[in-house]
Amino acid sequence: MIKKSKLFLCGITLAALLSGCGTTGVQAPVVERHPSASSAAASDPRDRDPAYYTVKRGDTLLRIALEHGQNYRDLVAWNDLSNPNDIKVDQVLRVLPPNGDAGGAQTSAIVMPPVTEIKPAAPVVPKKTGPRGEKRAYSDATLAELRADGGASDVKPAPAAAVAAVPAAAAAAPAASAPGDEKISWMWPSEGKVIGTFDEGKNKGVDIAGKAGQQVVAAGAGKVMYAGSGIRGYGNLVIVKHSNSLLSAYAHNRSILVKEGQNVNKGQAIAEMGDSDADRVKLHFEIRQQGKPVDPSKFLPNR
């Protein structure tokens, strides 16, 4: 009897052991992880390359070109854009010339004959009394239509009778011919009282008071890279490129006397002072180096 009991207990123990060995363990779930699209985008080497720029909301090709000291036509060519008005947020654009080329037009001094073409006067642009936002937003497509005749500005030159005499200092000043930025010869773009000084946070240049129709001259020799009214807040604007890194801008003009692609000498008349997209008659003058606004007083001679 005792032997049978022992055999029975051994059988139960063996069954329990076999049952435990056959139990299947519960495995932890496996989650397959993939890198996110944003991480992949952040690793794009172009994001760290100064030759490229990522389009932000509200950008226009003209504004991007101005901020990087380039001609917007060059940006169209470098990025193979079929429609310069069709750029999208997060689109990556090349803003420096490929292969280290200088890009844009050369700006060595070229002696220009006096302007002899006289056109009828354009109607005076009415003075803006409301907010600047009332001005129609810039459209590269509209601007392209206005340049269908070969790049001429929609602002016509005023008659010769309304043009003031060139300042004596401008007439005697030689054109800049040195290739280095530090050797470019500068002069004040107009006579008048300085009513606004450079403040990087508030004013990107200097403001010079004057009379409507007063002459505005090129502050240095160069080539006109823009002439028009496509940038809100600047009115009738002229931009002159002096070297691969320096350009000057002349805003709020009543009329423009030059065309895109035209070479100009230091002291040559390029516009007439006005109040387009401004609250009073004045010239807003900027100098930009590598697309960044810099204090004009560091370049202009003492008055």
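Side chains are part of it too, since the values below use all heavy atoms of this structure and drop only hydrogens, waters and symmetry mates. If you read the sequence from its start, that first residue is 1, and numbering goes on from there.
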Can you check side-chain contact (heavy atoms from CB on, under 4.5 Å) on Ile184 and Lys266, steps first, answer last? CA-CA 10 Å; Ile184 294 177; Lys266 171 185 172 183; over 6 Å; no
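- In this structure, CZ in Arg94 is found 11.0 Å from CD in Gln70, a value given to the nearest 0.5 Å.
- Of the possible donor and acceptor atoms, none in the side chain of His242 sits under 3.5 Å from a partner among the backbone N and O of Leu247.
- Between Val238 and Ala271, the closest heavy-atom pair is CG2-CB, 4.5 Å.
- The backbone N or O of Ala219 sits less than 3.5 Å from a side-chain atom of Tyr250, completing a donor-acceptor pair.
- A salt bridge between Lys204 and Glu286 is absent, with no side-chain N of the basic residue lying under 4.0 Å from a carboxylate O of the acidic one.
- Among all heavy-atom pairs drawn from Glu191 and Ile208, the shortest one is O-CG2, 3.9 Å.
- Side-chain heavy atoms closer than 4.5 Å link hydrophobic residues (I, L, V, M, F, W, Y) into clusters, and following such links, possibly through other members, connects Val258 to Phe285.
- For the atom pair CZ (Arg254) and NZ (Lys211), the distance works out to 13.0 Å, reported to the nearest 0.5 Å.
- For the pair Ser276 and Asn236, the tightest heavy-atom approach, listed with the atom from each and the gap, is OG-N, 3.0 Å.
- Rounding to the nearest 0.5 Å gives a distance of 7.5 Å between OH of Tyr226 and CD of Glu260.
- When the side chain to side chain contact (heavy atoms under 4.5 Å, CB included) test is applied to Ala77, no partner is found at least two apart in sequence or on another chain.
- Residue Asn79 holds its CG atom at 8.0 Å from CG of Leu61, rounded to the nearest 0.5 Å.
- Note on Val76: it clusters hydrophobically with Ile64, by side-chain heavy-atom contacts below 4.5 Å among ILVMFWY residues.
- When hydrophobic clusters are built by joining Ile, Leu, Val, Met, Phe, Trp and Tyr residues whose side-chain heavy atoms come closer than 4.5 Å, directly or via intermediates, Phe198 is not grouped with Trp188.
- Expressed to the nearest 0.5 Å, how far OG of Ser190 lies from CE of Met187 amounts to 9.0 Å.
- Closest heavy-atom contact between Ile231 and Leu62: CG1-CD2, 3.6 Å.
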Passes side-chain contact (heavy atoms from CB on, under 4.5 Å), Asn253 versus Leu283? Steps please. CA-CA 7 Å; Asn253 301 295; Leu283 169 67; 4.1 Å; yes
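- Under the 4.5 Å side-chain contact rule for hydrophobic residues, Ile270 and Leu246 share a cluster.
- Applying the salt bridge (charged side-chain N to carboxylate O under 4.0 Å, His left out) test to pairs two or more places apart or on separate chains, none has a residue in residues 294-303.
- Using a 4.5 Å cut-off on side-chain heavy atoms (C-beta onward), Phe299 and Asp181 make no contact.
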Please step through side-chain contact (heavy atoms from CB on, under 4.5 Å) for the pair Ile195 and Arg280, ending with a clear verdict. CA-CA 11 Å; Ile195 57 174; Arg280 60 171 295 173; 3.9 Å; yes
Step by step, would you call Val92 with Thr54 a side-chain contact (heavy atoms from CB on, under 4.5 Å)? CA-CA 4 Å; Val92 178; Thr54 302; 4.0 Å; yes
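- Nearest heavy atom pair, residue Gly228 against residue Ile256, reads N-CD1, 3.7 Å.
- The side-chain heavy atoms of Lys259 and Val224, taken from C-beta on, include no pair separated by under 4.5 Å.
- Between Gln91 and Leu81, the shortest heavy-atom contact is NE2-CD2, 3.9 Å.
- A distance of 8.0 Å separates OG of Ser243 from CD of Gln289, quoted to the nearest 0.5 Å.
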